[in-house]
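A short write-up of the structure that comes next.
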Amino acid sequence: MHPRFDITLNKLREQHSYRECSLPSGLDLSSNDYLGLHDHPVLIRAAHEALEMGVAFGSGGSRLLRGNTAEHEALEQYAAYYHGCEKTLFFANGFMANHALLTSLPNRHDVILYDARVHASSRDGIQASVAKSVRIAHNDLADFADRLQQFRASADIIWIVVESLYSMDGDMAPLQQLYELAQVYQAILIVDEAHASGIWGVNGKGLCEQLCRPETDGAIRMPENLITLHTCGKALGVAGGIVCATATIIDTLINTCRPFIFSTAPPPIQAYMTLKSMELCASEEGARLRQQLKSICVTAQQLFGGHGTQIIPIILGDNQQAIEASTFMQQAGYDIRAIRPPTVPPGTSRLRLSLNVHITPSTLEDIRQLLSQLDTPATFVERSL
Ligand SMILES: Cc1ncc(COP(=O)(O)O)c(C=O)c1O
C-alpha cells in the first residue's frame with residue numbers, strides 16, 4: 001500500500017482529529033432525532049402497514065426512468081402544500097440535495113454569497129459550482145449588504161446561502177433582514193432548514209415560514225426568490241432532502257441536476273415514511289412533541305446558555321480537551337460527542353449537546369454537575385439577541 005494513507009491517518013491521530021464509528025450507547029444527547037420520531041410507535045406501525053400494502057423498498061432506477069413511484073409523487077405534493085411552494089423535489093439525503101442545488105443552479109455569470117458557518121454539503125456544492133463565491137462572516141448583515149452592493153451590477157444572479165438554525169452553534173440566521181436584502185438587491189435566498197424543519201415555525205414548517213404570505217384558506221405561500229431545503233433524517237426521523245421552490249426552479253433541477261438524473265431514486269418506502277412523518281409533525285402529537293422539546297430547551301438554556309434552541313455548544317478549546325470531556329460524559333452514561341475542526345473553527349472544539357424529547361431536567365442538572373468536574377473549564381455561549 002502507498003504510505004500516503006498511513007501518514008495521513010497518523011497525523012490525524014497526533015492532532016486528536018482521528019475519527020471512527022462507534023455504536024450508540026448511553027443516553028442520546030448527540031443525535032438529530034429531536035422529536036424522537038425515528039422509532040415512534042405511529043411510524044413503526046405505518047412502516048409495517050406499508051410493506052404489507054406492497055410499498056417497495058427499492059426503486060429500481062432513476063426517477064426519470066422506472067424509479068419514479070406514486071410514493072415519491074405523493075410526498076412531493078404534500079411537501080409543496082405544507083411548505084406553500086409550487087413544487088418540490090425529493091433527494092436521497094440532505095447532503096445530496098444541497099450539493100445538487102448549488103452545482104446545478106448558479107452559473108459562471110453568478111455570485112454566491114455564503115455564510116461562513118454553512119454545512120459541508122453547501123460548501124462542497126459551492127466549491128464545485130462554476131459561480132464565483134464569497135464567504136461572509138457569520139450572520140454579518142453589513143457584510144452581506146456590502147457584497148450585494150459590490151456585485152449587483154456585474155453578477156447575473158446573486159445567490160445568498162444560509163442555514164436557518166446553525167447545526168454546531170444552535171443560533172438562528174436573521175432571516176427577515178436577509179430576505180429584505182435579497183429583495184432590495186434582487187438576489188435569491190437559499191435557506192437550509194435542516195435543524196429547524198419539524199420543530200420551529202408554525203406546525204414545524206421551519207423558520208422560513210415567517211417569510212411566507214398567509215393565504216385566505218390558512219395555507220402559506222413561499223416568495224419566488226426563496227428556495228428552502230428540508231432534511232428528512234433529523235427531526236423527521238427518516239432520511240432524505242426536500243427542495244422547495246417555484247415550478248421553474250424544480251423543473252430546472254429535474255432537467256439539469258446530475259445527482260438527480262444519474263442516480264437511483266430513493267427507496268419508495270423512504271418517501272412513504274417521510275410523508276407519514278411529516279403528517280405526524282402536522283398532527284396534535286407533533287405539536288405535543290414540539291412543546292415538550294421547547295420546554296426542555298428553556299431548562300437547558302438556564303443551565304448552559306446558548307440560544308434557546310435544541311443545539312447547545314459547550315466550548316472546550318482544543319481537540320484533546322473536547323475528547324477527554326466527551327469520554328468523561330460517556331463513562332457517566334451520557335452519549336455526548338466531541339465536535340472538532342474542520343466541522344467547527346480551530347480552537348473551538350466542543351461538546352455539542354443535542355436535546356430531544358426524552359431528556360429530562362434532572363438529566364441536564366446532572367450533566368451541569370459533571371461539567372463542573374472537568375479539568376478544563378467549559379465555556380457556555382451567551383444568549384445572543
Ligand atoms: C445544516 C445541514 N445541512 C445538510 C445536512 C445533510 O443532511 P443529511 O444528513 O440528510 O445528508 C446536514 C447534516 O448533518 C446539516 O447539518
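Read the numbers this way: they start at 1 and go in the same order the structure lists the ligands and their atoms. Numbers here simply count residues along the sequence, with the first being 1.
Under the 6.0 Å distance and 45° angle rule, Lys205 does not count as a cation-pi partner of Trp200.
Residue contacts with ligand 1 leave out Met96, since none of its heavy atoms falls under 4.0 Å from the ligand. Note on ligand 1: Ser121 sits in its first shell, one or more heavy atoms being nearer than 4.0 Å.
For atom 6 (C) of ligand 1, the nearest non-hydrogen atom of the protein is Phe95 N, 3.4 Å. The protein heavy-atom contact nearest to atom 15 (C) of ligand 1 is His119 CD2, 3.3 Å. Counting protein heavy atoms only, atom 16 (O) of ligand 1 is closest to His195 NE2, 2.7 Å. In this structure, the protein non-hydrogen atom closest to atom 7 (O) of ligand 1 is Gly94 CA, 3.4 Å. Nearest protein heavy-atom neighbour of atom 14 (O) of ligand 1: Lys234 NZ, 2.8 Å.
Looking at Glu285 and His40, their side chains do bring a donor and an acceptor atom within 3.5 Å of each other. At a cut-off of 3.5 Å, with distance as the only test, no side-chain donor of Glu86 or Thr246 sits close to an acceptor on the other residue.
Those atoms of ligand 1 that come under 4.0 Å of a heavy atom in Thr231, given as number and element, are 7 (O). Atoms of ligand 1 found under 4.0 Å from any heavy atom of Asn98 (numbered from 1 in listed order, with element): 3 (N), 4 (C).
Aromatic ring orientation, Phe304 versus Phe380: perpendicular (interplanar angle above 60°, classes split at 30° and 60°). Classification of the Phe5-His2 ring pair by plane angle, with boundaries at 30° and 60°, yields perpendicular.
Closest heavy-atom approach to atom 3 (N) of ligand 1 within the set Leu236, Asp192, Thr343: this belongs to Asp192.
Remark: Asp110 does not engage Lys132 in a salt bridge, criterion side-chain N to carboxylate O under 4.0 Å.
Proximity of the aromatic rings of Tyr166 and His138 is defined here by a centroid distance below 6.0 angstrom, and this criterion is met.
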